[in-house]
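The structure appears below as structure tokens.
All values below come from the heavy atoms of this structure, side chains included, with hydrogens, waters and symmetry mates left out.
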Amino acid sequence: MKLYKASLMAVAATLLWAAPLKAQTLQEVTAEGNKVYVEIVDEFARTDNAFPDDERQDVTNYVAEAGGWDLVSTPEEADFIFRVDVKKKVVFFSPRTWLTPSIRLKDGTVLWQSKTYKADADIDNGFRATNAALAKMLKNGFGKDLFPKIGRK
């Protein structure tokens with residue numbers, strides 16, 4: 001009988017402890033004013049094709065500004081993590097950048113992932129493939145995919 005009561009108490013305590021830990025929705029996590037940590041994952045981080053720091057900063061700032069989120073410097077401070085997988089490579093003598101955005105909770109759960117946006121460096125974008133890929137990501141990934149899903153314009 002004592003073991004039975006102890007088991008019931010343990011189950012009740014677990015349920016009470018877990019009750020406040022409800023699943024967060026994409027809309028709750030990405031509300032304007034929430035804190036975002038932008039994580040840039042560079043496939044070629046340790047090679048000559050590494051993603052330059054100035055471009056890394058451009059992506060970080062533009063993502064936070066476009067979403068209306070407050071940028072924080074560590075994932076622990078953030079409400080969510082905006083991850084951008086980056087691949088930068090020279091193809092047929094032309095620099096090319098691929099950006100794949102996703103929104104994740106701190107535990108790694110993926111709430112949203114967009115398609116990959118690619119751009120080549122050319123005269124129209126000032127030979128900045130990353131800025132062109134970023135513009136596509138913000139226009140299509142945010143404007144046509146993410147924002148309609150969360151009820152924002």
Hydrophobic side-chain clustering at under 4.5 Å (ILVMFWY, transitive links): who's grouped with Val110? Put none if nobody.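 The other cluster members (ILVMFWY side chains, heavy atoms under 4.5 Å, direct or chained): none.
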
Under the side-chain hydrogen bond (donor to acceptor under 3.5 Å, both in side chains) rule, collect the residues that match up with Thr116, sequence neighbours excluded.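 side-chain hydrogen bond (donor to acceptor under 3.5 Å, both in side chains) list for Thr116, sorted by chain: Thr100.
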
According to side-chain hydrogen bond (donor to acceptor under 3.5 Å, both in side chains), who are the partners of Ser102, at least two apart in sequence or on a separate chain?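 Testing Ser102 for side-chain hydrogen bond (donor to acceptor under 3.5 Å, both in side chains), a comparison that skips the adjacent residues, returns Arg104.
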
Rounded to the nearest 0.5 Å, what's the gap from [atom1] on [X] to [atom2] on [Y]? Could you check?
X      : Y      : atom1 : atom2 : result
Leu71  : Asn61  : CG    : CG    : 6.5 Å
Ile150 : Asp145 : CD1   : CG    : 10.0 Å
Gln27  : Leu146 : CD    : CG    : 10.5 Å
Thr60  : Ile40  : OG1   : CD1   : 3.5 Å
Asp58  : Phe51  : CG    : CZ    : 8.0 Å
Lys88  : Thr97  : NZ    : OG1   : 3.5 Å

Any idea which heavy atoms bring [X] and [Y] closest together, and the distance?
X      : Y      : value
Ser114 : Gly141 : OG-CA, 3.9 Å
Leu99  : Thr130 : CD1-O, 4.2 Å
Ala133 : Ala119 : N-CB, 3.4 Å
Val72  : Tyr37  : O-CD1, 3.7 Å
Ala129 : Pro95  : CB-O, 3.7 Å
Val29  : Asn34  : O-ND2, 2.7 Å

Please tell me whether [X] and [Y] are part of a single hydrophobic cluster in this structure, the criterion being side-chain heavy atoms less than 4.5 Å apart.
X      : Y     : answer
Leu111 : Phe80 : yes
Ile103 : Val84 : yes
Val59  : Val41 : no

Which residues share a salt bridge (charged side-chain N to carboxylate O under 4.0 Å, His left out) with [X], sequence neighbours left out:
X      : answer
Glu32  : Arg152
Arg83  : Asp85
Asp54  : Arg128
Lys139 : none

For residues 62-69, dump all side-chain donor-acceptor pairs below 3.5 Å to protein atoms at least two apart in sequence or in another chain.
from  : atom 1 : to    : atom 2 : distance (Å)
Trp69 : NE1    : Thr30 : O      : 2.9
Trp69 : NE1    : Gly67 : O      : 3.4

For the side chain of Asp79 and the backbone of Glu28, is there at least one donor-acceptor N/O pair under 3.5 Å apart?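 Pair absent, no side-chain N/O of Asp79 close to backbone of Glu28.
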
Ring pair (Phe, Tyr, Trp, His ring centres under 6.0 Å) contacts touching residues 81-111 (sequence neighbours left out):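 Listed by first then second residue: Phe82-Phe142.
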
For Glu43, give me all partners under side chain to side chain contact (heavy atoms under 4.5 Å, CB included), at least two apart in sequence or on another chain.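 Side chain to side chain contact (heavy atoms under 4.5 Å, CB included) check on Glu43 returns Lys87.
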
Can you list everything that forms a side chain to side chain contact (heavy atoms under 4.5 Å, CB included) with Thr74? Sequence neighbours excluded, please.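 Testing Thr74 for side chain to side chain contact (heavy atoms under 4.5 Å, CB included), a comparison that skips the adjacent residues, returns Glu76, Glu77.
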
May I have the step-by-step check of side-chain contact (heavy atoms from CB on, under 4.5 Å) for Asp42 and Arg56, ending in yes or no? CA-CA 10 Å; Asp42 183 2; Arg56 181 180 299 270; 4.1 Å; yes

Listed once per pair and sorted, the salt bridge (Lys or Arg N to Asp or Glu O under 4.0 Å) pairs that draw on residues 112-123, sequence neighbours left out: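 The answer is Arg96-Asp120.
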
